[in-house]
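Throughout, protein chains are lettered first and strands after them, A, B, ... in sequence-line order, and every chain is numbered starting at 1.
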There are 2 protein chains.
Amino acid sequence: MAEFTTLEHENLNSVVYGALCDALMQGRFQPGDRLKIRDLAEQFGTSVTPIRDAILRLANDEAITFRSPRDIRVAGLSENRYREIRAIRVRLEGFAAETAAQVATSADIQALEQILKENEAAIADGDRLRGTQLNQAFHFRLPQIAGLPVLTTILRRLWLQMGPHISDAYLAGGRAMIDHHYPVVEALKRHDPAAASMAIVDDILLGGKPILERIGAVVPGAERSA
Amino acid sequence: MAEFTTLEHENLNSVVYGALCDALMQGRFQPGDRLKIRDLAEQFGTSVTPIRDAILRLANDEAITFRSPRDIRVAGLSENRYREIRAIRVRLEGFAAETAAQVATSADIQALEQILKENEAAIADGDRLRGTQLNQAFHFRLPQIAGLPVLTTILRRLWLQMGPHISDAYLAGGRAMIDHHYPVVEALKRHDPAAASMAIVDDILLGGKPILERIGAVVPGAERSA
DNA sequence: ATAACATACTTGATGCATCTTTTTTGACGT
DNA sequence: ACGTCAAAAAAGATGCATCAAGTATGTTAT
């Protein structure tokens with residue numbers, strides 16, 4: 001008997017959740033932005049119920065917080081919290097890169113190079129949104145190549161929390177954010193786990209600097225969720 | 001101006017979510033168990049709305065899955081998925097132990113020793129439930145000592161997925177599950193990060209063996225969520 | 001003009017009715 | 001006995017009304 005992946009229920013709440021996740025990861029929200037269930041319901045053309053459901057999931061992801069009982073806002077990020085996220089990413093994405101280096105096929109390599117190529121084009125065009133998306137696509141491709149779905153889910157949550165902050169810093173970082181991706185691909189080609197891990201760690205640490213510089217100033221409410 | 005942690009809204013949905021989380025982590029559900037919103041609403045004495053909210057959050061945590069659009073079940077765990085979770089725990093809990101070893105105070109050490117003492121008593125009494133709880137308490141105490149709240153949240157989600165499986169295996173593992181905790185405390189006393197990390201990794205890998213043996217047989221539906 | 005209070009509005013939480021789809025069940029025919 | 005099909009019951013999804021609590025507004029008295 002074959003294995004089936006449980007198929008996606010395309011519930012309204014999932015549609016809304018996905019749309020809000022995309023918006024967060026693309027930096028289309030600022031930390032501290034207020035979300036109103038009824039307003040979103042009107043924008044999405046649904047009742048409030050699916051919006052509440054999506055908001056609840058996002059709050060569970062700690063991507064948005066309830067500042068007070070009736071005040072839903074995009075989560076802030078304290079410097080300490082960002083440093084912790086970065087430290088976790090170093091371990092988790094390092095692990096993903098190691099594993100990917102061991103199992104990557106030539107098709108996997110080609111896919112990564114394609115992402116890099118498009119990313120170069122996006123940077124050349126000054127398309128900041130697309131650049132952000134492609135940078136994320138590169139990072140998410142590694143655990144996918146490695147066959148680590150749990151890790152992918154964890155990373156997605158971390159990016160959800162970083163989303164409102166990276167967009168600001170992406171411009172400042174500029175082309176440097178993609179430079180460190182090339183050594184990763186080279187390491188994967190050579191099936192060199194240690195080099196792949198070190199390369200992605202470099203990318204995380206150096207690419208994160210401009211984010212860290214910005215964060216000190218922002219921080220509206222950088223705490224728990226419901 | 002002082003820092004306030006955003007206070008807990010004790011919503012009904014949070015109460016239900018907390019209760020279901022506890023039940024899952026204590027192994028009071030079996031993988032594949034079916035959850036019915038209306039039944040739970042009756043048990044909790046609420047309407048279906050807060051139950052739906054809690055279920056949605058649990059589904060977001062991938063602790064329960066929607067096998068089909070109207071069939072909510074406690075998530076299964078494939079062997080591969082469990083191995084991945086274990087590999088992630090090794091890195092994350094290793095990191096937590098390292099950090100904890102650097103910053104642990106004598107009060108922290110005493111708290112850990114108190115947990116171990118109570119855990120010994122629980123084992124002596126054959127109190128399997130309390131033993132499971134105290135084992136988890138030990139593991140969660142390390143990132144707490146280390147001051148890593150994001151990591152704690154990630155671990156909590158992983159334990160949520162393991163919960164329905166560890167209870168079965170805990171008996172089989174028996175006292176071995178706690179033996180490896182002592183070297184951790186010793187390493188923290190010596191402020192020896194490398195030793196602390198190695199000790200907790202040993203605990204994860206060896207303690208996980210009985211779980212792994214059981215898992216091969218179970219696996220009703222070990223996939224995605226909504 | 002300002003401060004204090006009352007009123008109206010905003011907004012998330014909760015409960016509930018209804019809808020659609022799925023699952024069960026049982027009768028019927030082979 | 002077994003398989004098929006249809007009717008009924010079950011169950012989650014969606015929408016919506018209401019509630020309580022917080023916020024804004026406007027009026028009045030000093």
Side-chain angles (χ1 to χ4, degrees), chain A residues 4-21 24 29 32-76 220-221 223-226, chain B residues 4 6-21 24 29 32-75 220-221 223-226:
Chain A
F4 289 99
T5 62
T6 310
L7 49 130
E8 291 284 337
H9 305 167
E10 267 319 313
N11 292 339
L12 277 183
N13 96 54
S14 297
V15 174
V16 175
Y17 177 75
L20 291 179
C21 280
L24 281 167
F29 286 107
D33 277 359
R34 188 165 180 189
L35 300 178
K36 298 184 184 181
I37 292 178
R38 284 172 173 83
D39 288 355
L40 288 171
E42 193 178 0
Q43 290 175 38
F44 280 97
T46 70
S47 77
V48 297
T49 307
I51 309 291
R52 273 194 74 244
D53 294 346
I55 293 279
L56 229 47
R57 291 175 63 179
L58 253 3
N60 195 49
D61 292 334
E62 296 180 287
I64 65 180
T65 61
F66 290 72
R67 182 183 294 192
S68 76
R70 256 157 277 268
D71 191 1
I72 304 172
R73 288 177 187 267
V74 175
E223 293 88 21
R224 304 296 314 269
S225 75
Chain B
F4 288 100
T6 311
L7 48 131
E8 292 283 338
H9 305 167
E10 266 319 313
N11 293 339
L12 278 183
N13 98 55
S14 296
V15 174
V16 175
Y17 177 75
L20 291 178
C21 280
L24 282 166
F29 286 107
D33 277 0
R34 187 163 181 191
L35 299 178
K36 297 184 185 181
I37 291 178
R38 285 172 173 84
D39 288 355
L40 288 171
E42 194 177 1
Q43 290 176 39
F44 279 97
T46 71
S47 77
V48 297
T49 307
I51 310 291
R52 275 193 72 242
D53 294 347
I55 293 277
L56 229 47
R57 291 174 63 179
L58 254 1
N60 195 49
D61 292 333
E62 295 180 289
I64 65 180
T65 61
F66 290 72
R67 182 181 294 193
S68 75
R70 254 156 277 266
D71 191 0
I72 304 173
R73 288 177 186 267
V74 175
E223 294 88 21
R224 303 297 312 269
S225 75

(request) Calculate the interatomic distance between A/Glu42 atom CD and D/dT14 atom P; express it in whole Å. (result) 19 Å
(message) Which residues pass the salt bridge (charged side-chain N to carboxylate O under 4.0 Å, His left out) test with A/Asp71, not counting sequence neighbours?
(response) A/Arg34, A/Arg73
(message) From CZ of A/Arg52 over to P of D/dG12, roughly how many Å is that when rounded to an integer?
(response) 17 Å
(request) Output the distance between atom CZ (A/Phe66) and atom CD1 (A/Ile55), rounded to the nearest 0.5 Å. (result) 7.0 Å
(message) Can you tell me which residue among A/Leu12, A/Asn13, A/Val16, A/Leu58 is in a side chain to side chain contact (heavy atoms under 4.5 Å, CB included) with A/Asp53?
(response) A/Asn13
N/O to N/O distances under 3.5 Å, protein versus nucleotides 19-23 of chain C:
residue: C/dT21; atom: O4'; partner: B/Arg70; partner atom: NH2; Å: 3.0
residue: C/dT21; atom: O2; partner: B/Arg70; partner atom: NE; Å: 3.3
residue: C/dT23; atom: OP1; partner: B/Ser68; partner atom: OG; Å: 2.9

(request) Could you tell me whether the side chain of B/Ile64 reaches within less than 4.5 Å of the side chain of B/Phe29, counting heavy atoms only? (result) no
(request) Could you check whether B/Leu35 gets within reach of a base, just the sugar-phosphate, or nothing at all, counting any heavy atom under 4.0 Å? (result) sugar-phosphate
(message) Nearest 0.5 angstrom please: B/Arg52 CZ to B/Thr46 OG1, how far?
(response) 12.5 Å
Strictly under 3.5 Å: I want the nitrogen or oxygen pairs between protein and nucleotides 15-17 of chain D, one per line.
residue: D/dG15; atom: OP2; partner: A/Ser47; partner atom: N; Å: 3.0
residue: D/dG15; atom: OP2; partner: A/Ser47; partner atom: OG; Å: 2.8
residue: D/dG15; atom: O5'; partner: A/Ser47; partner atom: OG; Å: 3.3
residue: D/dG15; atom: N7; partner: A/Thr49; partner atom: OG1; Å: 2.5
residue: D/dC16; atom: N4; partner: A/Thr49; partner atom: OG1; Å: 3.3

(request) Grab the CD1-P distance between A/Ile51 and C/dG12 for me, whole Å please. (result) 11 Å
(message) Within the structure provided, determine whether A/Asp61 and A/Tyr17 are in side-chain contact (heavy-atom separation under 4.5 Å).
(response) yes
(request) Starting from C1' on D/dT23, measure out to CZ on A/Arg73 and report it in whole angstrom. (result) 12 Å
(message) If we ignore hydrogens and angles and just use 3.5 Å, is the side chain of B/Asp33 paired with the main-chain N or O of B/Val74 as donor and acceptor?
(response) no
(request) Give one of base, sugar-phosphate or nothing for A/Ile72, where a contact means two heavy atoms less than 4.0 Å apart. (result) sugar-phosphate
(request) In whole angstrom, give the distance that lies between atom CG of B/Asp53 and atom P of D/dG12. (result) 14 Å
(message) I need the CZ-P distance between A/Arg67 and C/dG12, as an integer number of Å.
(response) 14 Å
(request) Working to the nearest 0.5 Å, report the span between CD1 of B/Ile72 and CD1 of B/Ile51. (result) 10.5 Å
(message) Looking at every heavy atom in both B/Ala41 and B/Ser47, which two are closest together, and how far apart are they?
(response) CB-O, 3.7 Å
(request) Figure out the NZ/C1' separation between A/Lys36 and D/dT23, and round it to whole Å. (result) 10 Å
(message) What is the distance, to the nearest angstrom, from the CD1 atom on B/Ile37 to the C1' atom on D/dT14?
(response) 12 Å
